[in-house]
Amino acid sequence: MMNHDENKTPHKPSCVRPVRSYVLRQGRLTPAQSRALLTLSPLFVVAYAEQPIDFKTLFGRDAKTVIEIGFGMGAATAKIAQENPDTNFLGIEVHTPGVGSLLREIETRSLSNVRIVQHDAVEVIKTMIAPASLDGVHIFFPDPWHKKRHHKRRLLQPLFLEALAARVKEGGYLHVATDWEDYAHEILALVEASAAWENVSPEGFTPRPPTRPQTKFEARGIKLGHRVFDIVAQRK
């Protein structure tokens, strides 16, 4: 993900990878998104820093904390946060229109339990999330990088799963959803091969939990005839 010397062998597990799992397509900001970014960012957007976040200080309370990686336009994130007011949610997204859209949702729904980091998720996990500080991780419809030559760009890789596991409390969870079947089977295999994660479903994939709202990416995939796969794992 960053420009590291690929010939160096790390001495311990790291979430650093040499290629990025996204392409930065900023898109066009609507006037409402621009206004939200200008007025609400100081309240809800956390600047990237190479030091762990103190969640109690950030949210002004001691509560369960869940991160969502790649929240898109934020509609599902906002709905989950509204339905779970006793849980803190930290959303990670690189695309500015999505950040502006979630800020609008925060304002419209009067949410106080959501914060945002606009930065590369791999770097955020590595430097801003303390060990065993999370109760859960949501990764809904990550970029599938469907061409085989681009599979190395997929976010869910063994080292990243290890990095997530190190930052999730024992008994915490990882919930991934995708509408790309080969990626779903790849993620499932990675989870089941992991020493840190345990698949909660003996059948392999988990029936869609009612707590996960449908995203626009999911709706688009279903319209195209794609099956949606949920993988839920518990931290051992």
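Excluded from the calculations below are hydrogen atoms, water molecules and symmetry mates; all remaining heavy atoms, backbone and side chain alike, are included.
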Validation row: [X], [Y] side chains within 4.5 angstrom (heavy atoms):
X	Y	answer
Thr65	Ser133	no
Phe160	Leu190	no
Phe140	Glu68	yes
Val137	Val66	no
Pro142	Ile69	no
Leu37	Val99	yes
Arg208	Gln214	yes

Mind listing the closest non-hydrogen atom pair of [X] and [Y] along with its distance?
X	Y	value
Thr206	Ser201	OG1-CB, 3.5 Å
Arg104	Ala36	CG-CB, 3.7 Å
Asn113	Ala81	ND2-O, 3.0 Å
Ala130	Pro52	CB-CB, 4.0 Å
Leu29	Ser34	CB-OG, 3.6 Å
Pro97	Arg28	CG-O, 4.3 Å

How long is the gap from [atom1] on [X] to [atom2] on [Y], to the nearest 0.5 Å?
X	Y	atom1	atom2	answer
Ile231	Glu192	CD1	CD	9.5 Å
Met128	Ile67	CE	CD1	11.0 Å
Phe205	His185	CZ	NE2	4.0 Å
Leu111	Ile80	CG	CD1	11.5 Å
Glu186	Thr178	CD	OG1	10.0 Å

*Aromatic rings Tyr173 and His138: how do their planes relate, parallel, tilted or perpendicular, breaks at 30° and 60°?*
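Tilted, since the angle between the ring planes falls between 30° and 60°.
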*For Arg167 and Glu162, run salt bridge (Lys or Arg N to Asp or Glu O under 4.0 Å): C-alpha distance rounded to whole Å, both residues' side-chain angles, the deciding distance at 0.1 Å, then the answer.*
CA-CA 9 Å; Arg167 288 151 180 85; Glu162 288 182 31; over 6 Å; no
*Test salt bridge (Lys or Arg N to Asp or Glu O under 4.0 Å) on Lys79 and Glu105 and set out the steps.*
CA-CA 9 Å; Lys79 183 172 174 51; Glu105 292 277 0; over 6 Å; no
*So which pairs with a foot in residues 44-68 pass ring pair (Phe, Tyr, Trp, His ring centres under 6.0 Å), sequence neighbours left out?*
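Qualifying pairs, neighbours excluded: Tyr48-His119.
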For residues 221-230, which side-chain N or O atoms pair as donor and acceptor with protein atoms under 3.5 Å away, sequence neighbours left out?
residue: His226; atom: ND1; partner: Asp179; partner atom: OD2; Å: 2.9
residue: Asp230; atom: OD1; partner: Arg212; partner atom: NH2; Å: 3.0
residue: Asp230; atom: OD2; partner: His175; partner atom: NE2; Å: 2.7
residue: Asp230; atom: OD2; partner: Arg212; partner atom: NE; Å: 2.8

*Mind checking salt bridge (charged side-chain N to carboxylate O under 4.0 Å, His left out) for Lys169 and listing every partner two or more places apart, or none if nothing turns up?*
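Per chain and number, Lys169 pairs via salt bridge (charged side-chain N to carboxylate O under 4.0 Å, His left out) with Asp135.
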Report yes or no: do [X] and [Y] belong to one cluster of Ile/Leu/Val/Met/Phe/Trp/Tyr joined by side chain heavy-atom distances under 4.5 Å?
X	Y	answer
Val232	Trp197	no
Val45	Leu38	no
Met73	Phe141	no
Val200	Leu134	no

_Pair Thr96-Gln118, side chain to side chain contact (heavy atoms under 4.5 Å, CB included): steps then yes or no_ = CA-CA 8 Å; Thr96 301; Gln118 186 177 3; 2.8 Å; yes
*Report the C-alpha separation of Asn199 and Leu188 in whole Å, then their side-chain angles, then the decisive distance to 0.1 Å, and conclude whether the side chain to side chain contact (heavy atoms under 4.5 Å, CB included) test is met.*
CA-CA 8 Å; Asn199 185 6; Leu188 183 63; 3.4 Å; yes
_Treating Glu123 as the side-chain partner and Asp120 as the backbone partner, does any N or O pair qualify as donor plus acceptor under 3.5 Å?_
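Checking the backbone N and O of Asp120 against the side chain of Glu123, no donor-acceptor pair under 3.5 Å is found.
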*Take Leu174 and Leu164 through the test side chain to side chain contact (heavy atoms under 4.5 Å, CB included) and record every step on the way to the result.*
CA-CA 9 Å; Leu174 168 67; Leu164 291 176; 4.2 Å; yes
_Under a plain distance cut-off of 3.5 Å, with no hydrogens placed, do Asp54 and Thr57 share a side-chain donor-acceptor pair?_
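There is such a pair between these side chains.
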_Donor-acceptor pair between Arg61 and Asn88 side chains, under 3.5 angstrom_ =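 Note: Arg61 and Asn88 side chains meet the donor-acceptor criterion.
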*Check the pair Leu103 / Ser41 against side chain to side chain contact (heavy atoms under 4.5 Å, CB included), numbers first and verdict last.*
CA-CA 8 Å; Leu103 286 170; Ser41 290; 3.7 Å; yes
*Look at atom NZ of Lys56 and say whether more than 12 heavy atoms of other residues, nucleotides or ligands are closer to it than 6.0 Å.*
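Count not over threshold, so no.
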*Determine the sole option in Ile116, Leu43, Leu40 for which the side chain to side chain contact (heavy atoms under 4.5 Å, CB included) test with Ile106 is passed.*
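Going through the options one by one, the only one that passes is Ile116.
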*Salt bridge check: are Arg109 and Glu83 linked by an N-O gap of less than 4.0 Å?*
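So Arg109 does not pair with Glu83 through a salt bridge.
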*asked:* Aromatic contact between Phe71 and His95, with the criterion being ring centroids under 6.0 Å apart: yes or no?
replied: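 Between Phe71 and His95, the centre distance exceeds or equals 6.0 Å.
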*Between Arg154 and Tyr183, is NZ or CZ placed under 6.0 angstrom from the six-membered ring centre and within 45° of the ring axis?*
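The answer is yes, since Arg154 meets both limits relative to Tyr183.
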